[in-house]
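Read the structure below first, then the notes.
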Amino acid sequence: MTHPKILLVDDAAATRDFIANNVLAPEGYEVITAASGTEGLQRVRDHHPDLIISDYLMPDITGLDFLQSLKQEGFNTPFILITAEGSEMIAVRALRLGVRDYLMKPFDIDELLNSIQNLLKDSLRLTLHDIFDQVNSIILITDDKNRLLFYNQAACLHLNIPPQTQVGTPIKEVIKVPDFAAVFEQNPPENTRWEVALENGRIFNAELAIREGIGRIVVMQDITHLKELDRLKSEFVTTVSRDLRSPLTTILGYLDLMGKGGSLNMQQQTYMQHIIFSVKSITALLSDLLDLSKIEAGYDINLEPTSMEMIVRYALEAQRTELENKKQAIKTDLGVNLPQIRGNPIRLKQMAINLLQNAIKYTPEGGEIEVRLYADQQVVVFEVQDNGMGISVEDQPHIWDKFYRADAAVERYSGTGLGLSIVKSIVDTHKGRVWVKSAPGEGSCFTVMLESINGTGS
Ligand code: ADP
């Protein structure tokens with residue numbers, strides 16, 4: 001409502017003009033006027049005002065008869081009645097008809113303006129409340145101390161918020177869904193996105209925004225059907241990748257034999273190198289795809305007490321040549337005596353390498369990369385930060401999807417778009433969390449949070 005529309009109904013032309021031109025218009029309201037109740041009724045039908053101010057005593061029908069006709073026609077517009085007589089009968093009838101405010105003549109201009117503002121605010125709040133209750137997404141607002149300020153119907157239904165929960169109740173007393181509580185209680189930063197699996201099998205994608213003066217806003221969308229589609233797609237991809245690997249191995253085998261034959265000229269040998277390079281790229285892509293399906297299916301999750309420090313050191317060592325080639329400075333802070341986690345060392349190393357490879361790839365020569373490892377309460381946190389090209393807010397939710405590559409990345413760097421899907425799947429199978437904070441042109445920071453053995457109590 002940028003310029004709320006107010007209908008002013010009064011038979012006294014002088015009062016009408018004064019209020020319209022000297023009180024309402026200067027405040028930025030769009031004003032429509034009528035000189036009688038009957039005329040007012042027609043104006044409401046034609047213009048659907050946001051608020052009505054009406055005099056009580058008018059020659060044709062009274063302000064309250066006018067309001068009664070409006071109700072009969074189904075209009076529930078906020079209504080302010082102005083009257084010169086303070087009769088109890090009028091007051092009682094006005095109340096019954098739902099008059100939202102009642103001003104006695106002569107009234108103060110500020111009194112009228114305050115009343116208008118309050119009613120417009122209330123009606124906006126009511127409408128927003130109604131709209132939020134109609135949407136299927138979960139909407140939840142807390143203050144900065146994680147106390148509940150607002151929740152819609154969908155939140156009650158899916159997060160089992162007990163009926164009549166009071167505003168101001170700490171959220172941890174109300175919402176017991178583990179996936180939700182685990183992340184929310186860590187006070188995650190702005191734009192954190194995570195998945196929440198509910199007991200009834202539905203999966204929601206949660207997104208957190210922080211607004212000063214309001215608090216923490218969480219919007220959660222049901223992505224169960226997308227997850228199912230993803231599963232079907234993975235099944236298809238696994239089958240195709242497996243079937244393609246055998247003929248590719250045969251092609252590589254014969255190419256090798258041809259090379260050993262010795263009868264190829266220089267040009268033929270160059271062509272053959274190109275073919276070998278291409279076949280190897282396809283094989284690498286298929287390996288990534290098969291890895292992904294294995295991780296997603298949870299086949300190779302062999303969890304053992306693992307030191308993340310060792311994993312990260314191996315990963316750094318594996319990337320040393322790339323770092324040197326791009327003359328990038330690397331800063332490491334790998335903590336001391338960090339607790340172990342339960343994990344699959346091979347997969348965790350793959351996860352760390354993928355994040356490091358991306359940091360190196362998407363950061364220009366001479367850039368800086370920082371790798372941190374620390375323990376926080378019951379978790380071990382691994383962070384890879386770069387000062388490279390960064391990722392736009394629009395791209396951030398999608399980078400975890402298979403084959404997704406930001407346009408800005410496609411233009412400048414090669415890749416399959418599978419690295420982060422693998423990272424996410426590995427972190428998911430370890431029941432951890434991964435998220436990114438990034439700004440285009442400034443860099444990215446990927447954070448992985450894994451529960452420590454102390455945390456699991458095992
Ligand atoms: P790939 O690197 O092969 O494209 P990934 O799945 O590893 O695939 O990453 C997906 C996309 O996320 C990349 O194409 C790029 O747009 C973006 N991205 C990942 N890591 C970074 C980073 N450190 N800096 C900037 N963009 C990144």
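Heavy-atom basis, side chains included; hydrogens, waters and symmetry copies ignored. One-based numbering, in listed order, for ligands and for the atoms of each.
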Could you say whether the N/O atoms of [X] and ligand 1 ever approach to under 3.5 Å?
X	result
Ala406	yes
Gly419	yes
Arg405	yes

- Query: So which of Tyr362, Trp400, Phe403 gets nearest to atom 27 (C) of ligand 1, if we judge by its closest heavy atom?
  - Reply: Tyr362

Should the proximity of [X] to ligand 1, defined as any heavy atom under 4.0 Å, be assigned to the side chain, the backbone, both, or neither?
X	result
Ile391	side chain
Tyr404	backbone
Val384	neither

- Query: Would you say Arg43's side chain and Thr33's backbone share a donor-acceptor pair under 3.5 angstrom?
  - Reply: yes

- Salt bridge between Glu185 and Lys172, side-chain N to carboxylate O under 4.0 Å? no

- Message: Could you check whether Glu322 pairs with Arg320 (Lys NZ or Arg NE/NH1/NH2 to Asp/Glu carboxylate O, under 4.0 Å)?
- Response: no

- Message: Angle between ring planes, Phe446 versus Trp400, binned at 30° and 60°: parallel, tilted or perpendicular?
- Response: perpendicular

- Task: Check whether the side chains of Arg245 and Ser287 place a donor and an acceptor atom closer than 3.5 Å, and report yes or no.
- Result: yes

